[in-house]
Amino acid sequence: MKVTLETAPKVPIQIDGRIMFSSEKAELIHLTLKRGEVIEKHDNPFDVIFYILEGIGKLTLNNETHLLNTNDCISVSTGIQRTMENSGDKELKILVCKLKQ
């Protein structure tokens with residue numbers, strides 16, 4: 001089934017997120033963070049892979065901060081607290097792959 005960014009269902013959070021794919025094993029989310037927008041500290045009950053499509057972001061894992069640029073990719077294991085912030089001057093677009101157990 002074809003899904004476009006415009007037709008994909010929204011995620012139930014304040015950030016502009018769209019569910020591009022979902023199954024029992026994985027979920028693919030397209031996130032757009034406006035300048036200065038932050039996803040507050042949280043954990044997930046699954047591993048996550050972040051791929052930066054566009055922009056500059058700051059990912060904090062527990063107390064370690066990573067500056068992420070376009071085409072960077074980073075994985076985060078279950079149990080690690082994380083925050084993501086758009087630290088650039090343009091929109092930050094992220095592809096998030098949730099690996100469900």
Side-chain angles (χ1 to χ4, degrees):
M1 179 165 120
K2 178 182 174 181
V3 176
T4 66
L5 193 57
E6 294 76 24
T7 62
K10 289 186 63 105
V11 294
I13 60 174
Q14 297 295 331
I15 304 296
D16 182 13
R18 304 293 175 138
I19 302 168
M20 304 302 294
F21 171 83
S22 187
S23 75
E24 291 179 9
K25 296 183 180 183
E27 192 167 68
L28 193 62
I29 307 290
H30 183 284
L31 291 177
T32 302
L33 277 69
K34 297 176 186 151
R35 195 168 112 192
E37 206 164 28
V38 176
I39 298 175
E40 297 299 329
K41 185 184 285 189
H42 68 286
D43 182 13
N44 293 108
F46 40 77
D47 294 343
V48 177
I49 301 167
F50 295 103
Y51 179 79
I52 306 302
L53 297 167
E54 229 176 89
I56 300 171
K58 188 166 52 172
L59 176 66
T60 302
L61 305 174
N62 290 330
N63 294 317
E64 184 179 331
T65 300
H66 302 269
L67 186 62
L68 303 175
N69 294 286
T70 301
N71 293 324
D72 285 350
C73 185
I74 190 167
S75 62
V76 181
S77 299
T78 300
I80 296 178
Q81 293 288 315
R82 80 242 11 207
T83 61
M84 178 72 81
E85 176 184 350
N86 180 344
S87 56
D89 57 0
K90 298 181 180 173
E91 285 186 337
L92 173 62
K93 296 184 180 186
I94 309 162
L95 201 54
V96 181
C97 183
K98 298 177 179 182
L99 304 173
K100 302 176 183 178
Q101 299 294 327

**Q.** Exercise: do H42 and E40 side chains pair donor with acceptor under 3.5 Å
**A.** no

Q) Minimum heavy-atom separation for G57 to S87, with atom names? A) C-OG, 3.6 Å

(Q) Using 0.5 Å steps for rounding, measure from the NZ atom of K58 to the CG atom of L92. (A) 12.5 Å

Q.
Rounded at 0.5 Å granularity, tell me how far CG in N86 sits from CG in L68.
A. 11.5 Å

Q | Neighbour count above 12 (heavy atom, 6.0 Å) for K25 NZ | A | no

**Q.** Closest non-hydrogen atom pair, K2 against T4
**A.** CE-CG2, 3.9 Å

Q. Is it true that the side chains of E54 and T70 contain a donor and an acceptor less than 3.5 Å apart?
A. no

Donor-acceptor contacts under 3.5 Å from residues 11-19 side chains, at least two apart:
| unit_1 | atom_1 | unit_2 | atom_2 | d |
| --- | --- | --- | --- | --- |
| D16 | OD1 | R18 | NE | 3.4 |
| R18 | NH1 | A8 | O | 3.4 |

**Q.** N44 versus V48, closest heavy-atom pair with distance
**A.** OD1-CG2, 4.0 Å

Q. Do the non-hydrogen side-chain atoms of K93 and E91 ever get within less than 4.5 Å of each other?
A. yes

Q.
For the backbone of Q81 and the side chain of N62, can you confirm whether one donor and one acceptor N or O come within less than 3.5 Å of each other?
A. yes

Q) Is L61 reachable from F50 through a run of hydrophobic residues whose side-chain heavy atoms are each under 4.5 Å from the next? A) yes

Q: Kindly work out whether a path of hydrophobic side-chain contacts (I/L/V/M/F/W/Y, heavy atoms less than 4.5 Å apart) joins I94 to I74.
A: yes

Q) Hey, are the side chains of H30 and L53 touching, using non-hydrogen atoms and a 4.5 Å cut-off? A) yes

Q.
Is there a continuous path of hydrophobic side-chain contacts, each under 4.5 Å between heavy atoms, that joins V96 to L28?
A. no

Q) From K98 NZ over to S22 OG, what is the distance, rounded to the nearest 0.5 angstrom? A) 8.5 Å

Q. At their closest point, which heavy atom of L59 faces which heavy atom of V76, and how far apart are they?
A. CD2-CG2, 4.2 Å

Q.
If hydrophobic clusters are built by linking Ile, Leu, Val, Met, Phe, Trp and Tyr wherever their side-chain heavy atoms come under 4.5 Å apart, do F46 and L31 end up in the same one?
A. yes

Q | For I49 against C73, the heavy-atom pair lying closest together | A | CG2-SG, 3.5 Å

Q | Residues, nucleotides or ligands: over 12 heavy atoms within 6.0 Å of K34 NZ | A | no

Q.
Is there a side-chain contact between I56 and L67 in this structure, where contact means two heavy atoms from C-beta onward sitting under 4.5 Å apart?
A. yes

Q | hydrophobic_cluster_shared for L95 and F21, side chain cutoff 4.5 Å | A | yes

Q. Does the side chain of Y51 come under 3.5 Å of the side chain of D72 through a donor N or O and an acceptor N or O?
A. no

Q. Does a side-chain heavy-atom distance below 4.5 Å link D43 with R82?
A. yes

